[in-house]
Structure formats: structure tokens, C-alpha cells
Enquirer: 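Starting off with a structure, shown below.
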Amino acid sequence: MDNDDVAKVLGETADMLELAGENFFRVRAYRNAAQSIRDQTVQVADLTPEQIDEIPGIGADLAKKVRTVVETGDLPLHHELAAKFPPRLLELRDVSGLGPKRLKLLIDRLNIRSRDDLENAVKSGRLRKLSGFGPKLEQRIGESLQRHGAGQGGRMLYADAARIAAQLSAHMRNCGAIRKLEIAGSFRRRRETVGDLDVLASADDSAAVMKHFIGFPDVTQVTGSGETKASVVLKGGMQVDLRVVPPKSFGAALVYFTGSKSHNVHLRRIAQARGLLLNEYGLFREGSAVAGRTEQEIYRALGISWITPELREDRGEIEASAAGKLPRLIERGNLRGDLHTHSLYTDGHASIEAMVRQARDNGLEYIAITDHSRRLAMAHGLDPERLREQRKEIDRIQKKLTGITVLQGIEVDILEDGTLDLPDDALGALDWVVASVHYKLEQSSAQMTRRLCKAIRNRKVDVIGHPSGRLLGHREPSNFDLSEILRVAREEGCTLEVNSQPVRLDLNDTACLAAKRAGVKVVISSDAHSTRDLQLLEYGINQARRGWIEKDDVLNTRPRKDLRARR
DNA sequence: GATCATACGATCGTCACTATTCATAGTGA
């Protein structure tokens with residue numbers, strides 16, 4: 001059990017307690033504990049009960065329960081509650097417009113037990129007849145269901161897939177028969193969501209590899225198993241396919257299974273034009289192998305240089321490679337600072353000092369603390385008065401700590417008319433201003449374009465945070481005219497954020513590419529709400545790399561003194 | 001269920017928006 005597993009049990013317990021009508025504060029205690037555990041940088045499994053008790057938000061009772069979860073993988077309370085509700089109920093948690101109260105009503109009155117039940121109830125118009133429901137709610141719920149079903153198509157966030165991939169790779173490495181191992185597919189291309197994992201192994205004894213693979217502890221079902229191929233379903237529903245190939249074909253298979261499909265089609269066309277045949281077994285001329293052992297070998301034989309998986313979408317990378325003009329993509333080591341982070345002043349879970357120390361330990365030269373502005377009441381957003389208090393604390397910390405520069409920033413809300421949630425003089429006193437939209441995201445494209453452009457034109461604004469506002473699997477991006485936004489950003493010298501939260505990754509890859517082509521700089525930021533979150537930069541980097549972003553396209557690769565050319 | 005602290009019992013992020021019972025409950029950030 002790692003921290004995320006433990007947190008998941010507590011979080012689900014909270015959900016079910018809430019549904020059972022439990023005291024709201026008890027529910028929140030479980031939720032807070034789950035969050036606290038997610039924030040930990042050490043594994044709770046390695047801690048004594050006393051040490052667990054010291055984690056904020058965890059008292060004697062929950063500490064005991066955490067130990068139980070760690071030791072048994074389960075919690076009696078969780079078990080008990082789960083027995084009271086339909087087994088597939090938790091899949092309804094994320095439906096927009098459905099909270100615990102309405103969900104409870106649906107279970108009790110309409111005997112809704114799954115997504116399918118709910119979908120049928122919506123279709124037959126039964127929802128609107130319930131007291132408290134009406135046509136509009138019914139429609140909203142129907143739309144949300146559709147978005148979930150179609151939009152993500154059962155895909156998992158990259159970060160979640162990465163966790164599974166790491167565990168699986170560790171397991172597979174214990175298999176002596178394996179010579180080489182890669183997880184290919186969209187995971188290797190670092191797409192923002194991943195449908196399934198394609199594991200590729202090279203070995204002479206494939207039977208031994210098969211056996212070892214099926215023995216992975218999280219396997220719940222073996223859906224196929226032959227001599228060189230096996231498919232399993234893991235706990236949590238992720239499908240994993242394994243292919244075992246001989247070493248002489250490993251490179252070819254890796255190209256083939258990494259994709260994308262359109263990239264592969266393009267490669268095969270090039271092979272054909274040269275009188276070659278490319279497939280998953282190798283590159284052949286008149287039946288005899290020309291290449292196949294490594295990817296490099298294959299690309300070289302096709303007359304182009306190796307292309308990093310993130311670029312393999314047939315968006316011009318093959319032409320660029322042929323012309324020797326592949327971009328030198330941004331790397332984690334290029335980033336000097338993080339320009340979007342939160343602290344206890346609003347909805348962060350760590351003190352400013354803790355955030356700064358962690359950033360320094362991570363090798364950053366500067367960090368901007370950018371808490372929310374007052375419009376976000378739930379986060380206890382800052383007004384000018386509290387901003388001044390925060391400035392004093394930052395100054396104090398800056399005096400105490402060397403080796404890192406602390407900037408005072410803000411994540412100021414862009415109000416619905418495009419004005420900002422704080423007056424210009426308050427913003428003017430700050431070192432860094434992120435401006436973001438957090439509500440009324442469903443405006444028309446014309447309205448949203450105007451709103452964002454107005455914010456961009458405000459000279460106090462340095463960067464637009466998570467520009468589209470999307471939440472993968474939960475909320476569609478808002479509509480706006482990207483080329484107009486880019487035109488104005490370019491004109492004004494304003495930058496756009498690549499937010500590294502796994503559920504955001506916003507700008508997305510194609511928008512990154514559009515920004516680069518429009519001459520607009522991006523800022524890659526963690527939007528960290530805890531010290532642990534500061535590591536999320538990795539995911540923003542992935543997305544930026546998929547969007548052809550190079551070091552010079554990214555503002556926070558510059559030294560602190562060169563950050564604000566704009567004002 | 002955790003935390004604070006007149007040490008047992010009170011307190012625990014807030015507010016805008018939506019839909020419906022049009023003043024209020026529920027949700028969402």
C-alpha cells in the first residue's frame with residue numbers, strides 16, 4: 001500500500017459516509033486525512049502509529065485506521081459502508097449536478113445502481129419527476145454522463161498510468177529472462193491520458209516472461225494468453241498487453257507499438273519509397289532484414305534521425321527529422337523557477353517557508369507564491385490587506401533563506417467582464433501576476449475571447465493561468481478564439497501558462513505548438529498546493545515537449561532578473 | 001473525527017450561482 005492507495009480508501013470512506021448522511025465534519029475529517037496523506041513525502045507504511053498521529057488532520061482514531069489500511073489493505077468501516085450501497089455507486093460521484101443529497105434520492109426513489117441505470121432514467125424522463133429535480137437538472141446530468149462516456153473513453157490520466165507503469169516495470173525487472181523492457185503506446189508518447197499499457201519485452205524464453213507477467217499482484221483477470229502475447233486487466237480496470245519479441249526485432253516492435261498510428265503510416269510510406277518493407281518485425285529489403293534491433297537503426301535506415309516519442313504524431317516531425325531540424329525540446333533541468341504555487345494563506349497545504357525550502361531542495365532558483373484573490377472565497381482568497389501581511393512574511397523568509405529568491409505573486413481572478421479581482425495598485429506592488437478564470441467558464445466564445453484579451457491587455461498581468469480551464473474527464477475547455485488570444489498576447493508581450501497539474505495540462509500540446517508558432521512565450525508551472533506537488537513540473541514538461549517547446553520558448557528558463565521584460 | 005485549550009465541549013474554509021417548491025436546498029469552486 002502506498003500513500004495514494006491509503007488515501008483512496010479514506011476518500012471513498014468519506015464519500016460513503018456523506019451519502020449515509022453522516023455528520024459533515026466527520027466526513028471532512030476523513031477527506032482531510034486523505035489529502036494530508038497524499039501530501040506526505042514519506043510513505044505512511046513506514047511510519048509508527050505515533051508518527052502517523054503527528055500528521056496534521058490525523059488524530060488517534062484515524063491513525064489507528066490508517067495502520068489498519070496499511071496492514072490489511074482494507075478498512076472494516078469501508079467494508080461495512082460499501083455493503084450498504086450499490087457496488088458501482090462510486091462511479092456516479094463525478095456526475096456534474098449530483099452531490100450526495102441528490103444521489104441518495106436517486107438510489108432510494110428510483111433504485112439507480114449504476115451509470116447505465118442513471119442514463120436510462122434520464123432518457124426516459126423519470127428524473128425530472130422527482131421532487132427537487134426538473135428538466136434543466138435532468139439535461140445537465142444527461143450531458144455530464146455523455147461527456148464522461150464519450151470524452152475520455154475510459155482513459156486514465158497520464159500521472160495515474162505512470163504510477164501503475166512504475167510498479168509494473170519494477171515487477172517485470174525481477175524476471176531474469178527479460179533482456180529489454182519498455183512500456184510503449186501513448187504512455188511512451190506521454191499523452192495526457194492513456195487508454196491501456198503496451199508492455200514490450202525482448203527475451204529468448206518468452207514462456208518465462210508470460211508467466212512472470214501474469215503473476216503481477218494487481219492482475220485481476222487474464223483475458224488472453226498465448227506464446228508471445230498476453231492481456232490482463234488490473235485492479236482498477238487498466239488493461240495491459242504484453243508482447244514478447246526476439247532481440248533482433250525489439251527496435252521494430254518498439255516503433256510499431258509506440259505509434260502513433262499516423263506516424264507509423266508515414267514511416268511505412270517512406271520505407272516503401274525506398275523499396276523497403278517496415279513492420280513490427282523489422283525493416284526488410286526483398287525479404288532480408290536491414291534493421292530491427294534498435295529504433296535508432298530503423299530511423300537511420302530510413303534516412304532520418306531518431307525521433308523522440310513525444311513528437312511522434314505526424315505533425316511534421318518526420319519532415320523536420322529528414323531536414324535535420326528537429327527541435328531541441330525543453331528538459332526539466334532547463335527550468336530555473338516555478339511561477340505558480342499556493343500556500344496556507346489560501347488553499348495550499350503547506351507554509352510558505354516549507355514550499356520555498358522544498359523548491360530550493362528541488363534545485364530551483366526562484367519560486368513565486370501565487371495565492372488566490374478574494375473572489376475565490378472558498379479558498380479564503382487574499383484582499384490587499386492580507387497581501388501586505390503576506391509580503392511581510394515573505395520578506396522575513398527571504399532574509400532567513402539563501403540560495404533561492406522568493407517572489408510575491410498572486411493568482412488573481414479574471415472576472416466575467418475581463419477586469420481583475422484586485423485593483424491595479426495592489427497588483428503593481430507584486431513581483432509576479434498570474435491571472436486565471438475560475439468561474440463562468442461556459443461563456444460564449446466571443447465573450448470568453450474578449451474576457452481573456454482584456455486581461456492580457458492589462459499590463460500588470462504576466463501570465464494567463466490554465467487558459468482553457470478544462471479538467472480532464474470532468475470539464476470541457478472553455479470556448480475561445482485561440483489565434484486571437486495568441487495575436488493579442490504576442491502584441492502585448494504577455495505569456496500563457498502550461499499548468500502541470502495532471503488533470504489540467506493546460507495549454508495542451510497543440511496549443512503549445514500554436515503559441516510557439518505565434519511567437520508567444522509559455523511559462524511551465526506546477527500550480528502546487530503542497531510541497532509534494534512541486535514535482536508535478538515533470539508533467540507540464542511532457543506536455544510542452546509534445547508541443548515542440550524548446551528552452552527559449554519558456555520564460556522560466558531565464559534567470560530571475562530577466563523575467564519581466566514587459567513592465 | 002480533529003483540534004483547541006477557561007480541558008469539555010464548541011468549532012470546524014465561504015459564497016455565488018442554479019433550479020425549483022421562487023426562498024431555499026444543493027452544488028461547486
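Computed from a predicted structure; not experimentally measured. Each chain gets a letter, A, B and so on, in the order the sequences are listed, and its residues count up from 1.
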Enquirer: Can you see whether A:Arg532 engages A:Ser530 through a side-chain donor-acceptor pair at a distance of less than 3.5 angstrom?
Expert: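 Side chains of A:Arg532 and A:Ser530: no pair found under 3.5 Å.
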Enquirer: Given atom CD1 of A:Ile414 and atom C1' of B:dA29, what is their separation to the nearest angstrom?
Expert: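 After rounding, the reported distance stands at 16 Å.
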Enquirer: Measure from the side-chain heavy atoms of A:Lys101 and tell me the nearest of B:dG1, B:dC17, B:dG26.
Expert: B:dG26
Enquirer: With rounding to the closest Å, how many angstrom separate the C1' atoms on B:dG9 and B:dA5?
Expert: 11 Å
Enquirer: What heavy-atom pair brings A:Leu77 and A:Lys65 nearest, and what distance separates the two atoms?
Expert: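 Here A:Leu77 and A:Lys65 meet closest at CD2-CE, 4.4 Å.
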Enquirer: Figure out the CG/P separation between A:Leu137 and B:dT24, and round it to whole Å.
Expert: 19 Å
Enquirer: Name the residue closer to the 5' end of DNA chain B, choosing between A:Leu130 and A:Arg102 according to the nucleotide with the nearest heavy atom.
Expert: A:Leu130
Enquirer: Quote, to the nearest angstrom, the P distance that separates B:dA16 from B:dT11.
Expert: 24 Å
Enquirer: A:Lys129 has an atom NZ; how far is it from atom P of B:dT21, in whole Å?
Expert: 14 Å
Enquirer: Within the structure shown, what part of the strands sits under 4.0 Å from A:Ser131 by heavy-atom distance: base, sugar-phosphate, or nothing?
Expert: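 The answer is base, as A:Ser131 lies within the cut-off (heavy atoms under 4.0 Å) of a base atom.
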Enquirer: On the six-membered ring of A:Phe480, is A:Arg470 placed so that its NZ or CZ lies under 6.0 angstrom from the centre and within 45° of the ring axis?
Expert: no
Enquirer: Select one nucleotide: of B:dG28, B:dT20, B:dG1, the one nearest the side-chain heavy atoms of A:Arg26.
Expert: B:dG1
Enquirer: Side chains of A:Ser114 and A:Asp116: donor-acceptor distance under 3.5 Å anywhere?
Expert: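 Not at all, the side chains of A:Ser114 and A:Asp116 share no donor-acceptor pair under 3.5 Å.
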Enquirer: Should A:Arg475 be listed as having a side-chain N or O under 4.0 Å from OP1 or OP2 of B:dG28?
Expert: no
Enquirer: Tell me whether the side-chain N/O atoms of A:Lys440 come closer than 4.0 Å to OP1 or OP2 in B:dA16.
Expert: no
Enquirer: Grab the CD-P distance between A:Glu138 and B:dG26 for me, whole Å please.
Expert: 19 Å
Enquirer: Using purine N1 to pyrimidine N3 plus N6-O4 or O6-N4 for Watson-Crick, or N1-O2 and O6-N3 for G-U wobble, both under 3.5 Å, which nucleotide pairs with B:dA23?
Expert: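 Here B:dA23 is engaged in a pair, and the nucleotide opposite it is B:dT20.
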Enquirer: Expressed as a whole number of Å, how far does the P atom of B:dC12 sit from that of B:dA19?
Expert: 31 Å
Enquirer: What's the closest nucleotide to the side chain of A:Ala29 if the choices are B:dG1, B:dA16, B:dT27?
Expert: B:dG1
Enquirer: Using whole Å, what does the distance between atom C1' of nucleotide B:dA25 and atom CG of A:Leu103 come to?
Expert: 16 Å
Enquirer: Is the shortest side-chain N/O distance from A:Tyr30 to OP1 or OP2 of B:dG1 below 4.0 Å?
Expert: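 Answer yes for this pair, as a side-chain N or O of A:Tyr30 is under 4.0 Å from OP1 or OP2.
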Enquirer: Once you round it to whole Å, what is the distance between C1' of B:dT27 and CZ of A:Phe24?
Expert: 12 Å
Enquirer: Need one value for A:Lys104: base, sugar-phosphate or nothing, where a base atom within 4.0 Å counts as base even if backbone is also close, heavy atoms only.
Expert: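 The answer is nothing, as A:Lys104 stays clear of every strand by at least 4.0 Å.
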Enquirer: Expressed as a whole number of Å, how far does the P atom of B:dG26 sit from that of B:dT21?
Expert: 13 Å
Enquirer: Please report the distance, rounded to the nearest Å, between CG in A:Leu19 and P in B:dT27.
Expert: 10 Å
Enquirer: Pairing donors with acceptors under 3.5 angstrom, does anything connect the side chains of A:His340 and A:Gln501?
Expert: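 Short answer, no.
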Enquirer: What integer number of Å spans the P atoms of B:dA10 and B:dT6?
Expert: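 Their P atoms lie roughly 14 Å apart.
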Enquirer: Which nucleotide wins on minimum distance to the side chain of A:Ala377, given the candidates B:dT20, B:dC12, B:dT14?
Expert: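 Nucleotide nearest to A:Ala377's side chain: B:dT14.
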Enquirer: Between B:dC17, B:dA19, B:dG1, which nucleotide gets closest to the side-chain atoms of A:Lys136?
Expert: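 Taking heavy atoms from C-beta onward, the closest nucleotide is B:dA19.
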Enquirer: Please give the distance between the C1' atoms of B:dA2 and B:dC8 as a whole number of Å.
Expert: 15 Å
Enquirer: Considering only B:dT27, B:dC17, B:dA29, which nucleotide approaches the side chain of A:Pro100 most closely?
Expert: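 Among B:dT27, B:dC17, B:dA29, the one nearest the side chain of A:Pro100 is B:dT27.
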Enquirer: B:dC17, B:dT14, B:dG1: which one has an atom nearest the side-chain heavy atoms of A:Phe25?
Expert: B:dG1
Enquirer: Would you classify A:Phe133 as touching base, sugar-phosphate or nothing, given that sugar-phosphate means primed atoms plus P, OP1 and OP2, and contacts are heavy atoms under 4.0 Å?
Expert: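 Sugar-phosphate contact only - A:Phe133 comes under 4.0 Å of backbone atoms but never of a base.
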Enquirer: How close or far is atom C1' of B:dC17 from atom CG of A:Leu376, stated in whole angstroms?
Expert: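 After rounding, the gap between these two atoms is 14 Å.
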Enquirer: Just checking, any donor-acceptor pair under 3.5 angstrom between side chains of A:Gln443 and A:Glu416?
Expert: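 No pair is found: no donor N or O on one side chain lies under 3.5 Å from an acceptor on the other.
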Enquirer: Who does B:dC8 pair with, Watson-Crick or G-U, both distances under 3.5 Å?
Expert: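 Because no pair has both required distances under 3.5 Å, B:dC8 counts as unpaired.
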Enquirer: If you assign A:Gly97 and A:Tyr439 each to the DNA chain B nucleotide with the nearest heavy atom, which residue ends up on the more 5' nucleotide?
Expert: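 That would be A:Tyr439.
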Enquirer: Taking the inter-plane angle between the rings of A:Tyr158 and A:Phe187 on a 0 to 90° scale, is it parallel (under 30°), tilted (30 to 60°) or perpendicular (over 60°)?
Expert: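 Answer is parallel, since the angle falls under 30°.
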